[in-house]
**Q** 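Quick one: structure below, then a few questions.
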Amino acid sequence: MIEGARWKKWVWFYLPLGSFIVALLFPFYWMVVTTVRPDGELYRPWNHPLYSPFWTSHPTLDHVRNLLTETLFSTWMWNTMLIAFVATLISLFCGVIAGYALARLTFRWAGILGTAIFVTYLVPQTLLFIPLAEIIRDYHIGDTPWALILTYPTFLIPFCTWLMMGYFKAIPKELEECARIDGAARWQAMVYIILPIAVPGILSAGIFAFTLSWNEFIYALVFLSSPEQKTVPVGVTSELIRGDVFFWGALMAGALIGSIPVAIVYSFFVEHYVAGMTGSVKG
Amino acid sequence: MARVMLKDLNKVFDGNHVVKNVNLEIADREFVVLVGPSGCGKTTTLRMVAGLEEITSGTISIDETVVNNLAPMDRDIAMVFQNYALYPHKNVYENMAFGLRMRKFEKPEIDKRVRQAAEILGIQALLERRPRQLSGGQRQRVALGRAIVRNPRVFLFDEPLSNLDAALRVQMRVELKRLHDRLETTAIYVTHDQVEAMTLGDRVVVMKDGVVQQQGAPLELYERPANRFVAGFIGSPAMNFVATTVASDGLWVESSGVRLRVPPAKAERVRTYSGQRVILGMRPEALRLANGGDSADYSFDSLVEVVEPLGAEILLNVRAGGAPIVARVEPSTRVRVQEKVRLALDPARVHFFDASTEAAI
């Protein structure tokens, strides 16, 4: 009986979980291996005596060194971080305030406004960049970080607003009413009572917004042109692929280093983040 | 300390008229209970006093000041909510101190008041805890503490005991009463539980469908209900109602199973209904098992359907003709289901209601 149970657990639990983990992590593993693989193994593996596709016997940091010294990678990192951070901040601020208003204030058209904000989120970026390009040209902010800082909120604000609206709705409104009777004005009730309770929701929205801006590709590709203005995703793909020449080692090193900040952000907030996603208000 | 006046108060929600012309004068230090079934407008009325709900028409004043357009924070009231509404991210001390901080009290004064309130409620040991580490009764006390630290002019209670289990509810009810006797603050208390209303209130206001049905001292409502609704709502088990016809001489009322003489005290008023239908009301405790000496004028035969022995009393569910009747009898009574018993009625405790308006006769 017990043996049977163990067998079942392997088949129904560990095996699916294992394959899931492998499928999920293999690209990252490949990225790491490619980063440290010497050029000889990368481009002419058949000439190499000890070649194995999943491993390298001569690890090297040449690609990382090249990436950091021969390209503008550190500038791209800085650009990406600045843009993602400021865009997230703007979107969170607007999203929290709009989400609160839609969840709590009873005003005419509140429902329609909420839906309208959501609909803007549904407009595909691949269409929206055309009118946005026009606007960016008119305001002469093309090829500056502002081109992205001001356009990312077009999809981040609806996203944050909806996430926060749901979160605010889950907080009992008596808390706020009680605060208002206790002597707080509406904004004080929001700042002292509602926002601290909504921290998990705000963090979730923030992490999501940060990740979306960090990985964003199409706006960054269209609105930025000079190499020193580029973000990591665009910089790496446009500067390390020359025609049909792929600098695989440096490309993978860029991708690897580029994903580290997001990984740090996630692991740092993971506890809050999970609480935020399940919408739990600890009472 | 304050007087609260509600004058011609109305509330309309999206076309639903939920509070209709409520007039209420609450004296200084009085404990008034609004009671009624759910949806009767009692909570809405309370929320209008608190300033959480806009007033459609009419005025609310506290101590001669019309507060209709004052924000909740400016009314100097405190409210205890059904779900306590404790701030989950603040400990007990901070929960109680919040209102004082918002009102810019000095730190030593805040500390003094919070500790004093904690002592009154016996929660000194809990000051550092978070709400989620407290039991239901403790949360309830913290919610009360948060209300009393501010020493407000009026306390508002919105079904504060309904989330507690039965035993705790009885205990907190007594504590609330004691607290009010000690603090002597004007209080408005909303509940759907008539026992709470009767035990706590100096005055009870019974509401139904947004209309005040009757207001008065608890025993006054019990003894002289203004209409059938109040008669049925106040008292447990509820009053028995039997549809009867007044005989042409006006001296008797009859239904298929009950024939009773109209008590002399009511005779004059009931006579005007001669030949018409009236509703006879008998409280379960006004009935007892008849013995040989009882007048046939005030007793009737019935068939026992269910016997509920409660220890201190026995509830007999009987049927007299078609009418189901509950009688509250001595615990020593021994009767069996399907047994025929004769019930005697205390003539001083008979009620009659108009069959169409349901007003007391």
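Note that the structure is a prediction, hence the values are computed from the model and not measured. Letters go in sequence order (proteins before strands), and every chain restarts at 1.
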**Q** For A:C178 versus B:Y87, what's the shortest heavy-atom pair and its separation?
**A**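 Where A:C178 meets B:Y87 most closely, the heavy atoms are C-OH, 3.6 Å.
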**Q** Report which part of A:E177 has an atom under 4.5 Å of a heavy atom belonging to chain B: side chain, backbone, both, or neither.
**A**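 A:E177 touches chain B through backbone and side-chain heavy atoms alike.
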**Q** Atom CZ of residue position A:F28 - does it have more than 12 heavy atoms of other residues, nucleotides or ligands inside 6.0 Å?
**A**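 Atom CZ in A:F28 is not crowded, with 12 or fewer foreign heavy atoms closer than 6.0 Å.
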**Q** Is the count of non-hydrogen atoms from other residues, nucleotides or ligands lying under 6.0 Å from B:E106 atom CD greater than 12?
**A**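 It does not: B:E106 CD has 12 such atoms or fewer within range.
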**Q** Quick one: are B:M102 and A:Y192 in side-chain contact, heavy atoms under 4.5 Å?
**A**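 Result yes, sub-4.5 Å side-chain heavy-atom pair found.
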**Q** Shortest non-hydrogen contact from A:P196 to B:H89?
**A**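 That closest heavy-atom pairing would be CB-CD2, 3.4 Å.
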**Q** Check A:D182 against B:R150 and note the closest heavy-atom contact, atom names and distance.
**A**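 Reported closest heavy-atom pair: OD1-NH1, 2.9 Å.
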**Q** Please look at B:A71 and chain A and tell me whether the side chain, the backbone, both or neither of the residue comes under 4.5 angstrom of a heavy atom of that chain.
**A**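 The answer is neither part of B:A71.
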**Q** Just checking A:F217: does its CZ atom have more than 12 heavy atoms from other residues, nucleotides or ligands closer to it than 6.0 angstrom?
**A**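 Check passes, neighbour count above 12.
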**Q** How far does CD of A:Q188 sit from CZ of B:F98, to the nearest 0.5 angstrom?
**A**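 Between atom CD of A:Q188 and atom CZ of B:F98 there are 7.0 Å.
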**Q** Between B:L100, B:L134, B:N83, B:D74, which shows the greatest number of heavy-atom pairs under 4.5 Å with chain A?
**A**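 Heavy-atom pair counts peak at B:N83.
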**Q** What's the shortest heavy-atom distance between B:M79 and A:I181, and which atoms?
**A**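 In this case the closest contact between B:M79 and A:I181 is CB-CD1, 3.5 Å.
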**Q** Below 4.5 Å from any heavy atom of chain A, which atoms of B:R75 appear? Answer side chain, backbone, both or neither.
**A**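 When you check distances to chain A, no heavy atom of B:R75 falls under 4.5 Å.
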**Q** Could you grab the distance from atom NZ of B:K90 to atom CD1 of A:I197, nearest 0.5 Å is fine?
**A**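 With rounding to 0.5 Å, NZ (B:K90) is 9.0 Å from CD1 (A:I197).
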**Q** Would one find more than 12 heavy atoms of other residues, nucleotides or ligands at under 6.0 Å from atom NZ of B:K177?
**A**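 For B:K177, atom NZ is crowded (more than 12 foreign heavy atoms under 6.0 Å).
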**Q** Considering non-hydrogen atoms only, spot the tightest contact between B:L86 and A:L175 and give its length.
**A**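 Closest approach of B:L86 to A:L175: O-CD2, 3.0 Å.
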**Q** Examine whether an atom of B:L52 lies under 4.5 Å from a heavy atom of chain A, and if so say whether it belongs to the side chain, the backbone or both; otherwise answer neither.
**A**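 Side chain only.
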